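Notes to accompany the following structure.
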Amino acid sequence: MVSAKQALYFLLHPNELRAIAQWKVWHEPVHRRDVTKETPTEKSCFHFLDLTSRSFSAVIQELNPELLMPICLFYLALRGLDTIEDDMTIDIKEKEPLLRNFHNLMEQDGWTFDKNGPNEKDRELLVHFDDVIFELKKVKPEYYAIIKDITEKMGNGMADYALNAEHMNVGVNTIEEYELYCHYVAGLVGEGLTRLFVESQLANPQLMVRMDLTESMGQFLQKVNIIRDVHEDWVDKRRFWPKEIWSKHVDNWDDLFAPENREKALQCSSEMVLNALKHAEECLFYMAGIRDQSVFNFVAIPQSMAIATLDLVFRNPAIFEKNVKITKGDACALMTESTQNLRVVCDVFKRYARRIHKKNDPRDPNFLAISAQCGKIEQFIESIFPTQDPKKIKAEKMANVEGAGMETMEAFFLIISAVSTLLLIGGLMVGIAWYMGARFDHVLKDLDAKLAGTYTKSIVSAVPTTIAHEEL
Amino acid sequence: MASEKKPVLGSAMVIGGCGFLGHHVVRLLLRDYECSSVSVIDLRCGRNRRPDSDGVKYFEADITDAAKLEKIFTETRPDVVIHTASPAAQSNDSVSHALFKKVNVDGTAAVIKACQATGVKALVYTSSASVMSDNKSDLVNADERWPVIRGKEQSEYYSETKAAAEELVLKANRAPEAPKLLTCSIRPSGIVGEGDTMAIYHMINIYRQGRTGVQVGDGNNLFDFTYVENVAHGHLLAARALLLTANSSTIPLDNERVDGEAFIITNDSPVYFWDFCRAVWAAAGSPYGTDHVKVLPRGLGLVLGFLSEVFFGIIRKPPTFNRQRIVYSCMTRYYDISKAKKRLGYKPLVPLDEGVRRSVKWTLDQEKEKNN
């Protein structure tokens with residue numbers, strides 16, 4: 001139910017309400033799951049998808065049927081891994097082999113796992129993981145190989161991080177470590193997805209050659225999340241912001257959250273935003289390689305949300321005090337815009353780049369670098385959708401140079417023809433009137449008299465009469 | 001670059017080598033290239049001069065003096081000529097117009113003649129990205145396919161003479177008079193750096209006069225400023241490419257060609273015009289953010305500019321504030337430099353923020369020296 005507070009909010013922000021209504025009413029999924037034809041295990045998989053993912057569930061369910069089940073299962077497999085990794089009640093000695101071996105466990109018919117702590121939010125998924133395994137067996141072998149490969153890589157990465165005491169206790173030090181971490185948690189997922197898109201011929205095979213574009217897609221999303229969640233992570237004693245960046249602004253990590261250091265903290269967050277923003281152009285480039293509308297929507301929605309979130313966190317002191325989130329109205333507007341085409345998504349990126357530029361503060365050490373990065377995004381968009389065409393400009397300039405003479409000539413002829421037409425028609429009328437017996441001699445006499453001044457009086461006296469008449 | 005062998009440029013001549021851009025070209029020649037000799041021709045060789053230990057030969061000459069030019073060329077026998085000489089584009093009266101024509105067009109013609117007469121292999125000419133601008137329309141991500149604006153369409157006479165000179169230079173490429181001479185043209189946009197007494201200097205003045213609180217237009221217009229060392233680097237990459245072409249027996253493919261071509265050079269980093277000003281002000285010590293900034297709509301700015309022109313017209317002084325300035329501060333003018341990146345292997349050496357920092361520091365240091 002809508003609370004009174006919400007109602008008041010939407011009363012003050014009618015545009016947001018409109019955006020929500022627009023999305024709910026007008027969004028037509030490209031594909032819809034056919035629930036009537038689904039087996040009980042398929043239904044169970046979608047049930048767990050809904051349960052475990054807030055943001056991805058809906059877009060996955062609208063995917064092209066060719067990739068619907070593979071991507072749903074890919075998500076659930078990784079979510080299963082995550083549920084083991086996250087659970088601090090499982091001893092590392094038991095956890096490590098589970099993570100490294102997960103890609104094999106998910107091949108064993110009927111395998112389930114119930115040793116998660118009772119508070120682990122997604123424990124149900126692993127308790128019923130046999131349903132996921134059953135469905136995985138039905139996936140085309142070429143897709144299955146991709147899912148298995150990424151699950152193995154991800155499991156090993158998670159195990160490495162779990163064993164790495166430094167990472168667990170101190171956090172990330174260099175920018176390189178930071179980006180490696182983002183690679184494991186997001187870049188790898190991206191790699192799996194790109195391989196699935198290309199394998200199913202729903203994306204340009206060139207994306208396999210330019211895997212750096214895929215990497216940027218993942219890095220961008222993950223970095224934005226890490227910036228946004230800084231307060232929540234701090235409360236949970238986790239730190240993902242690299243020391244290489246924050247140590248330029250404060251001496252100790254905790255200092256970043258002290259109210260007296262707000263300006264320093266903001267400058268630190270600007271540097272984090274700048275670091276994330278450098279991926280934006282490659283994300284747009286990647287999306288240009290998608291050939292299927294449902295896949296486009298699937299990749300574009302999170303990207304638009306990410307650039308909007310970046311604008312939200314940029315120079316926003318609230319991120320050091322609480323969780324910030326884009327509003328539901330904005331989210332709906334972004335979803336509507338992200339389910340059209342690349343051009344519209346480019347407009348979204350340009351709009352937010354300009355908003356970031358507007359908030360940029362000259363006193364920030366990275367002021368000009370941030371401005372330049374926003375400029376780069378605009379320039380990249382120009383390179384795919386140019387507003388100017390040199391051929392047209394050339395033609396215009398030529399027309400201006402040569403055309404100057406032509407134009408006057410044209411105008412001259414136009415006036416001549418207009419005047420002669422008037423004269424012709426006027427002449428004809430006079431001629432016809434005369435032929436019909438009009439007394440032109442009287443008119444001429446009147447004219448003579450007027451010129452001589454005799455009629456002046458009568459004209460002047462005639463004027464008030466007319467006005468009086470008008471007043472009636 | 002230190003560990004690698006430096007590329008060879010033979011005997012190099014920098015015309016205008018004591019000027020703003022020219023002396024950076026000389027500096028980079030000494031730093032990044034292997035030259036058998038480096039010589040400089042300038043009107044006056046007192047300023048921006050290398051220490052004698054660098055072995056640069058300085059010749060004082062007016063480039064419109066063709067006979068003297070040829071005599072120096074015969075003496076120094078350059079393989080490569082970098083022609084950077086040009087009067088400052090600041091004023092816009094008939095006296096400076098005559099000077100623009102004389103130095104930019106006639107001077108360049110004399111340089112070409114001297115090159116042709118003395119067997120120079122490569123001539124690189126400093127043009128300007130402004131040759132593509134009509135000073136009112138936007139240039140959005142423009143590249144070399146955009147037309148050069150000439151004659152009636154070109155409202156800045158300076159740009160007209162730069163374009164005319166560029167045309168002469170490019171026509172001299174493999175010309176019948178000297179088929180071995182290869183030429184190209186570099187079009188930098190908005191040069192700033194140590195030795196610049198225009199853009200940065202003016203911007204700092206605006207800060208000093210407390211005029212940072214006004215922004216004309218919406219502030220979304222992107223503009224290309226280029227740090228001078230990157231411009232010099234672009235020139236020398238072009239010179240090197242011309243020499244390589246001169247020494248090879250085949251004519252390069254059209255899409256790889258450097259000779260007879262023009263190249264736009266920027267920092268590959270367009271920034272919002274007003275952000276650039278603010279970065280300069282911040283580097284000069286401005287304590288302001290953007291809270292105090294009031295936006296003056298472009299149309300109103302044009303009216304005020306016109307009134308100022310009328311007022312100064314009445315008191316018969318050149319206006320300090322005019323419509324063209326308003327237009328420039330609201331104009332989008334940035335370029336796509338893919339051609340230079342691809343054919344010259346150009347990449348800016350110094351990022352823009354570092355360039356701004358250095359330029360402002362130099363300007364402030366200059367002032368201190370003057371005051372002491």
Side-chain angles (χ1 to χ4, degrees), chain A residues 263 266-267 270-271 274 277-278 281 314-315 346-347 350-405 407, chain B residues 132 134 137-154 207 212 218-225 266-284 286-291 293 295 332 334-338 351-357:
Chain A
E263 190 50 41
L266 281 176
Q267 293 184 353
S270 305
E271 194 168 340
L274 172 63
L277 214 49
K278 71 178 181 190
E281 301 141 69
F314 183 59
R315 296 208 63 83
C346 280
D347 288 343
K350 185 168 159 180
R351 186 169 78 229
Y352 283 102
R354 284 187 171 179
R355 284 170 67 153
I356 289 171
H357 140 67
K358 280 249 151 48
K359 280 196 274 178
N360 203 2
D361 190 305
R363 289 163 294 194
D364 195 311
N366 290 296
F367 171 72
L368 198 59
I370 292 168
S371 177
Q373 189 48 46
C374 295
K376 269 269 153 245
I377 295 171
E378 287 208 34
Q379 185 174 32
F380 181 78
I381 294 170
E382 269 300 320
S383 74
I384 15 184
F385 298 113
T387 45
Q388 291 190 338
D389 177 2
K391 279 191 197 126
K392 261 191 204 153
I393 293 179
K394 233 179 228 173
E396 264 167 39
K397 296 290 172 199
M398 292 289 279
N400 278 356
V401 172
E402 288 170 14
E407 255 166 48
Chain B
M132 295 157 64
D134 63 5
S137 316
D138 289 341
L139 282 175
V140 186
N141 208 28
D143 62 34
E144 291 81 354
R145 293 170 303 158
W146 265 246
V148 171
I149 310 294
R150 297 290 302 272
K152 263 197 306 186
E153 295 285 314
Q154 179 52 267
Y207 160 57
T212 64
D218 63 6
N220 282 328
N221 51 319
L222 288 164
F223 213 90
D224 265 320
F225 292 94
T266 69
N267 238 83
D268 198 18
S269 188
V271 289
Y272 302 96
F273 179 87
W274 291 96
D275 278 5
F276 185 83
C277 299
R278 286 178 192 132
V280 169
W281 296 333
S286 166
Y288 296 111
T290 49
D291 294 338
V293 175
V295 174
T332 296
Y334 72 97
Y335 301 92
D336 172 357
I337 59 159
S338 303
L352 192 61
D353 49 359
E354 172 64 16
V356 168
R357 210 183 52 73

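Quantities reported herein were computed from a predicted structural model and do not represent experimental measurements.
- The part of P287(B) that comes within reach of chain A is its backbone (N, CA, C, O), which places non-hydrogen atoms under 4.5 angstrom from that chain.
- Proximity to chain A (any heavy atom under 4.5 Å) is shown, for L352(B), by both the backbone and the side chain.
- Neither the backbone nor the side chain of D143(B) has a heavy atom closer than 4.5 Å to any heavy atom of chain A.
- The CH2 atom of W274(B) sits 8.5 Å away from the CG atom of N221(B) when rounded to the nearest 0.5 Å.
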| request: In sequence, state the C-alpha distance, the side-chain angles, and the governing distance for W146(B) and I393(A), and then conclude on side chain to side chain contact (heavy atoms under 4.5 Å, CB included). | output: CA-CA 7 Å; W146(B) 265 246; I393(A) 293 179; 3.2 Å; yes
Please tabulate, for side-chain N and O atoms in residues 369-381 of chain A, each donor-acceptor pair with protein atoms closer than 3.5 Å (sequence neighbours left out).
{"from": "S371(A)", "atom 1": "OG", "to": "D275(B)", "atom 2": "OD2", "distance (Å)": "2.8"}
{"from": "Q373(A)", "atom 1": "NE2", "to": "L277(A)", "atom 2": "O", "distance (Å)": "3.3"}
{"from": "Q373(A)", "atom 1": "NE2", "to": "E281(A)", "atom 2": "OE2", "distance (Å)": "2.8"}
{"from": "K376(A)", "atom 1": "NZ", "to": "Q379(A)", "atom 2": "OE1", "distance (Å)": "3.0"}
{"from": "K376(A)", "atom 1": "NZ", "to": "D268(B)", "atom 2": "O", "distance (Å)": "3.1"}
{"from": "K376(A)", "atom 1": "NZ", "to": "D268(B)", "atom 2": "OD1", "distance (Å)": "3.2"}
{"from": "E378(A)", "atom 1": "OE1", "to": "R354(A)", "atom 2": "NH2", "distance (Å)": "3.1"}
{"from": "E378(A)", "atom 1": "OE2", "to": "R354(A)", "atom 2": "NE", "distance (Å)": "2.8"}
{"from": "E378(A)", "atom 1": "OE2", "to": "Y272(B)", "atom 2": "OH", "distance (Å)": "2.8"}
{"from": "Q379(A)", "atom 1": "NE2", "to": "N141(B)", "atom 2": "OD1", "distance (Å)": "2.9"}
{"from": "Q379(A)", "atom 1": "NE2", "to": "Y335(B)", "atom 2": "O", "distance (Å)": "2.9"}

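- At a 4.5 Å heavy-atom cutoff, the contact between Y288(B) and chain A is made by backbone atoms alone.
- Options A279(B), A282(B), G289(B) differ in how many heavy-atom pairs under 4.5 Å they form with chain A, and the most are formed by G289(B).
- Separation of atoms CZ (F367(A)) and CG (D353(B)) is listed at 11.0 Å; rounding is to 0.5 Å.
- Taking K391(A) as the reference, D389(A) meet the side-chain contact (heavy atoms from CB on, under 4.5 Å) condition, with sequence neighbours excluded.
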